[in-house]
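FYI, side chains are in, hydrogens and waters are out, and symmetry mates aren't considered; it's all heavy atoms of this structure. Convention: sequence-line order gives letters A, B, ...; per-chain numbering from 1. None of the values given here were measured: they were computed from a predicted structure.
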Number of protein chains: 2
Amino acid sequence: MAKTSQAAGLHRASLAKLDDLDAALELMYYGWRGMTLEADAYLAKQGLSRPHHRILYVVARRPDIAIGSLIDILGISKQALNRPLNLLLERKLLTSKRSPEQHRSKLLRLTAAGQRIEQRASHRERKVLREAFDRVGAPGAAGWMGVMEAIADSN
Amino acid sequence: MAKTSQAAGLHRASLAKLDDLDAALELMYYGWRGMTLEADAYLAKQGLSRPHHRILYVVARRPDIAIGSLIDILGISKQALNRPLNLLLERKLLTSKRSPEQHRSKLLRLTAAGQRIEQRASHRERKVLREAFDRVGAPGAAGWMGVMEAIADSN
DNA sequence: ATCCTGAAGTCAACATAGTTGACATGAGGA
DNA sequence: TCCTCATGTCAACTATGTTGACTTCAGGAT
């Protein structure tokens with residue numbers, strides 16, 4: 001799962017615009033890339049990658065989540081969850097224990113080490129957002145949120 | 001490369017927020033997903049996927065682009081480009097011919113069929129953006145662009 | 001005790017999307 | 001003819017996902 005990482009990331013290509021919204025379309029692409037670039041590099045240094053971070057991120061915000069719920073939230077199959085989850089357990093970034101009442105399900109929690117990595121990875125993503133928000137000011141940030149909410153809820 | 005597609009996509013999970021910017025972070029994730037969802041479904045129906053669309057998108061905006069330049073813009077290896085590019089050539093969505101002067105390089109162009117698919121796929125992505133922009137109005141849209149530019153150029 | 005069920009775990013086969021490395025081909029230019 | 005550049009191709013590998021088919025673990029019901 002580890003990759004050597006390449007740090008510097010892919011300058012924006014200058015392409016002719018066939019539509020007014022082509023610029024926006026490309027910004028979404030480079031925006032996503034830009035937000036995740038440093039976090040991915042950090043994760044790669046830890047021998048982890050995006051799927052691991054997604055797991056850590058969700059468990060951090062839903063302590064004692066059951067594995068089945070995690071599968072639902074991540075939107076992947078239990079087989080796909082299996083490998084990254086086991087790696088996180090082996091590396092003691094997560095713990096799992098049977099629920100006290102519902103012994104059928106297992107509850108996941110971050111260890112201190114898991115928390116640290118989750119925080120550092122997420123921090124790198126938020127840092128990119130924070131700097132962008134600071135540059136455009138509160139009204140621009142509010143506009144961004146409004147647009148993104150509209151897009152996210154367009155399904 | 002074709003997948004059966006699942007159409008409806010993954011409602012936003014409600015997670016506790018550990019940081020003010022967690023909401024923004026999640027919006028970027030779901031925003032990217034939301035923008036590409038319908039386009040991906042359309043592409044899957046055509047037996048194509050995201051890498052094919054990226055090729056079609058770039059060639060549409062850089063007619064007569066050489067393969068080497070395409071590799072640079074996409075940021076992948078020529079071996080990775082090989083399969084999707086050959087599929088597009090076989091399906092006659094792209095043509096390649098030697099350059100008149102620089103016989104060493106081959107120039108890529110979209111066929112009419114390739115143009116149609118590129119337009120329909122990109123249209124689906126822009127449609128999501130357009131509706132979001134319409135919902136928030138011009139100032140919000142401008143804010144969105146500003147933030148995304150700041151993020152995209154943060155590398 | 002036995003059977004059923006729900007949650008989790010595991011194994012195999014496959015698809016997709018990418019990587020490096022090595023080498024072949026095609027077309028000028030010296 | 002030889003060199004070089006752009007392209008093409010083969011092989012092996014990694015990573016992330018999919019389905020399908022089982023198994024195991026833990027209660028609950030009869």
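Of the candidates D/dT9, C/dG9, C/dG18, the closest approach to any side-chain atom of B/Asn82 belongs to D/dT9. Between D/dG17, C/dT19, C/dA8, one nucleotide has an atom nearer to the side chain of B/Ile76 than all others, and that is C/dT19. Of the candidate nucleotides D/dT16, C/dA8, D/dG8, D/dG8 has the atom nearest to the side chain of B/Ile67. When distances run from any side-chain atom of B/Pro51 to the nucleotides C/dA8, D/dT16, C/dA17, the shortest one goes to C/dA17.
Counting heavy atoms from C-beta outward, B/Asp153 and A/Tyr30 have side chains that stay 4.5 Å or more apart.
Taking atom NE2 of A/His53 as the reference point, atom C1' of D/dT16 lies 17 Å away to the nearest angstrom. At whole-Å resolution of the value, CD1 in B/Ile65 and P in D/dA6 are 14 Å apart. Rounded to an integer number of Å, the gap from CZ of A/Arg83 to C1' of C/dA12 is 12 Å. Protein atom CG of B/Leu70 is 10 Å distant from nucleotide atom P of D/dT7, rounded to whole Å. Put simply, NZ on A/Lys78 is 11 Å from P on C/dT10, counting in whole angstrom units. Taking atom CG on A/Leu108 and atom C1' on C/dG9, their separation rounds to 13 Å, with Å as the unit. Between A/Ile71 atom CD1 and D/dT16 atom P there is a gap of 17 Å when expressed in whole angstrom units. Nucleotide C/dA8 holds its P atom 13 Å from the CG atom of A/Leu74, rounded to whole Å.
Enclosure of atom CD in B/Glu38 is not indicated, since only 12 or fewer non-hydrogen atoms of other residues, nucleotides or ligands lie within 6.0 angstrom. Enclosure of atom NZ in A/Lys92 is not indicated, since only 12 or fewer non-hydrogen atoms of other residues, nucleotides or ligands lie within 6.0 angstrom.
A sub-4.0 Å separation between OP1 or OP2 of D/dG17 and a side-chain N or O of A/Arg54 is present. Of the side-chain N and O atoms in B/Ser105, none sit less than 4.0 angstrom from OP1 or OP2 of D/dA6. Contact between the side-chain N/O atoms of A/Ser77 and the OP1/OP2 oxygens of D/dT18 is found at a separation under 4.0 Å. At the phosphate of C/dG9, OP1 or OP2 sits under 4.0 Å from a side-chain N or O atom of A/Lys106. OP1 or OP2 of C/dT10 sits under 4.0 Å from a side-chain N or O of A/Asn86.
Mapped onto DNA chain D by nearest heavy atom, B/Gln79 and B/Ser69 fall at different nucleotides, with B/Ser69 at the one closer to the 5' end.
Taking hydrophobic clusters as Ile, Leu, Val, Met, Phe, Trp and Tyr residues chained together by side-chain heavy-atom distances below 4.5 Å, A/Leu107 does not share a cluster with A/Leu94.
Between the A/Asp22 side chain and the A/Leu18 main chain, a donor and an acceptor come within less than 3.5 Å of each other.
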